[in-house]
Amino acid sequence: MTGKHPRTVAGQVFLLQAAVVVLLAAGAVLALVLQSRHDVDREARTLSVGVAETFAHSLGLREALKAPDPSKILQPLTEEMRKRAGVDFIVVMDTSGIRYTHPQPERIGKRFVGTIEPSLAGRVHTESVRGPLGQEIQAVVPVTSADGKVVALVSAGLTVENVTGVVDRQLPVILGVSAAGLGLATVGTALITRRLQRQTHGLGPLEMTRMYEHHDAVLHAVREGVLITDADGRLVLANDEARRLLALPADAEGRDIRRLPDLDKRVAGLLLSGRVATDEVLAAGDRLLVVNQRPTMPRGQPEGAVVTIRDSTEMRILTGRAEAARRRLKLLYDAGIGIGTSLDVERTAEELADVAVPRFADYVTVDLADPVLHGDEPTGTSADMRRTAVSGISDDQPLYPRGKLIDFLPSTPQARGLGTGQAELVPNLADAPGWLAQDPPRTQSVIDYGIHSLITAPLKARGVVLGVVNFWRSQKPEPFDDDDLSLAEELVARAAVSIDNARRYTREHAMAVTLQRSLLPQALPDQSAVDVAHYYQPAQSGVGGDWFDVIPLPGSRVALVVGDVVGHGLHAAATMGRLRTAVHNFSSLDLPPDELLARLDELVQRIDHDGDVGDGGMLGATCLYAVYDPVSQHCAVGRAGHPPPLVVRPDGTVDIPQVPAGPPLGLGGMPFETAELNLSEGSQLVFYTDGLIEDRTRDIDEGLELLRAALSHPGRRPEESCRAVLDALLPARPRDDVALLIAQTRTLDADHVIEWAVPFEPSAVGAMRAVVVEKLDEWGLSDLAFGTELVLSELITNAIRYGSAPVRVRLLRDRTLTCEVSDGSSTSPHLRYAATTDEGGRGLFLVAQLSRRWGTRYTPEGKVIWAEQPLPGSSEGPENQLPDFLDADAI
């Protein structure tokens, strides 16, 4: 819209037609209303006259007028007739105009309002007056006697309000009909306007004028030929570009296409066919034309065609170059996403070879320095190149096979590239004596096979040459060119980074695995409490922090440990080593599981507090610790956020004991608890990490059920149970470390354990020595009698002197001879070195000298001091086990 005026021609026509329709409708409504009012007024007068005349000529009216009180007789009659006739009043009056009747009784006896003279003269008179009921339309009719004399008058009529109400009730119908007519007229106008708008395309007069003025200028200025033909094959229109491209004469428009002498026959055939053509390429003389043709169908039938023509002679050359550039970019893009999908050196080299065949080369070989395959830095010579990847359009090529160690001669382009770090192009291999000298029989077979051109590009990353890539061509007759050389350099440069990353990962992974395996148990210690089977596998993505351990404890007991440090890599492995060392140290204190886990928790908190957790995040670790006593068949278990253990009974029943979970290590603030288990001989304790039961395809509960099913078989050895569990649960490519420890309990024979109660008096020491010597003779350990007497004498004396009752002595014959003295005191003795002038203080020193090791452990009833001596004939038991200062022969 411009101001208040429509821009389009269709809009102006619509407004004009709409205004005419509205005026016509308004005039029609006004005429209908006026006519309706006139008709209603006329009908009201006619009705008034009819009612008045009817009542004036009614029987009995004259007799009623002669009555003494005419009103008493006539008033009911006039009211009844008024209601039936549908008028507002019927008034009977005398010739003087005094009323006998009226709808309002108080008006009776008063003078009639209106003109009565014409009726007194014998005529019927109608008029509109302002009467008692308001504005009234009334008729006055004379009542005559038999002789024709006027003896009375009758008036009947309606109020104007009621007459107008009739008109008003008719007005909605009039307006509805008028509105319907207006709507129909408007719709018709809109349809006509819409068609006009389509034909004018919504243009205004000025725009249409400008469009037609500029039509020819635009048509003839475009750099694309435009032709319009009709259904009879005549040329209707041709712009200047079409005339130039097709060499049309000046009078071509209006002529039959068949009669244009210089028009190319193929172009003429296309124009006459009328078929659809999209970017169809036609040769016209020395030009290459791209033609598009579409038929015109204004009435649903083909009535000609519109043809556009453009010259693509130069565009074809540019398109070829653009297509080559597109293929090059596509190759580099595919290389970017297809090379380096894994951190495996050999796999990355294979991806490089595969991505270049056959789009860039017919055959590709990748030769890497042999140390690179193991993650090491290359030596910088061409004598240790190993063919790592071979890819080609066929498998029968005569090139060196994969895996061969190649020593490139200095004359070869490969050796020169390894030395200079620059790629080389060999257009014709048959004319390359330096390459031919490498292996004459094989190089000749390569040429005979049809391979004729070579690009060799060194794989260089961070200034270090890792190997060389060879691109061979056989199918295309033309050799590689300089553009191909630059593409090969860029392709190899991208791949070199991925290969170097894979090499460095291989080196770091090997270092991490070496570190982790050095931190894990190399061989399990000798002990008699349990038979153990174990398994460990690092995650596919790298080493982690899972570990297990079997730690012998005094009294033939054993500690079983499984732990898990969150994360992977060197940091997780190093942290695992620290925690494993800490568990060893804490277990040497002979602490119960809950106290050991509490101390381990404090250690992890200190590590977190010191910030020694890699990237500054909190250290996450879990642990499961158990102590099994083969004498009492008692097992104490505690766990810190670790999955619960499983117990396999000798009959194959699998239980999950109720071991309180406890928080993961390092959280602090919550106590740990110990669960007490009684295990029959032959039971299996199964410890594991979450990597065994967790997997992306199942949840933990399902993993536990699979573990139970794999273990629920009686009579298996730990190794058999371990293999069954791995077959059922171990994924092919574990995402997390997997550690599994299965320990089958054993029981120390009753005749290898003996215990005595010691009277709480000093004189009991001598009697106990005699009893112990007698038992040692019975066991065939007489060689240990002297040392055992000295050890027990010192330990029993200290218990009686510094401890409290009860005092007990126990001897355990296992891989060592263990002497244990327990009392009710929690005071622990300490080893010290006595001076030469001291009269005492050498007892524990003597015990330490006579024992392989000794120590103290605390029990709910007090403490136990123990000392171990190696058995005679064992690798740890020397022929003469007495110290020199006690050896009489040496003295």
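- Under the 3.5 Å distance criterion, the side-chain polar atoms of R294 are matched with a main-chain donor or acceptor of A277.
- There is no side-chain donor-acceptor pair under 3.5 Å between R402 and T365.
- Here the side chains of D279 and R310 are in contact, with some heavy-atom distance below 4.5 Å.
- At a threshold of 4.0 Å, the pair R328-D483 does not count as salt-bridged, since none of the basic side-chain nitrogens sits closer than that to a carboxylate oxygen.
- One finds no salt bridge joining D256 and R234 here, because no Lys/Arg side-chain nitrogen approaches an Asp/Glu carboxylate oxygen to under 4.0 Å.
- D367 and Y400 are not linked by any side-chain donor-acceptor pair at a separation below 3.5 angstrom, with hydrogens and angles left out of the test.
- Comment: E489 does not engage K460 in a salt bridge, judged by the lack of any side-chain N to carboxylate O separation of less than 4.0 angstrom.
- Atom CG of D482 has 12 or fewer heavy atoms from other residues, nucleotides or ligands within 6.0 Å.
- Between E350 and S391, the side chains place no donor N or O within less than 3.5 Å of an acceptor N or O (distance only, hydrogens not considered).
- Of the possible polar contacts, none joining the S394 side chain to the G392 backbone as a donor-acceptor pair under 3.5 Å is found.
- Counting non-hydrogen atoms of neighbouring residues, nucleotides and ligands closer than 6.0 angstrom, the CG atom of D251 exceeds 12 such neighbours.
- Residues forming a side-chain contact (heavy atoms from CB on, under 4.5 Å) with D334 (at least two apart in sequence, or on another chain): K330, I337, V355, R359.
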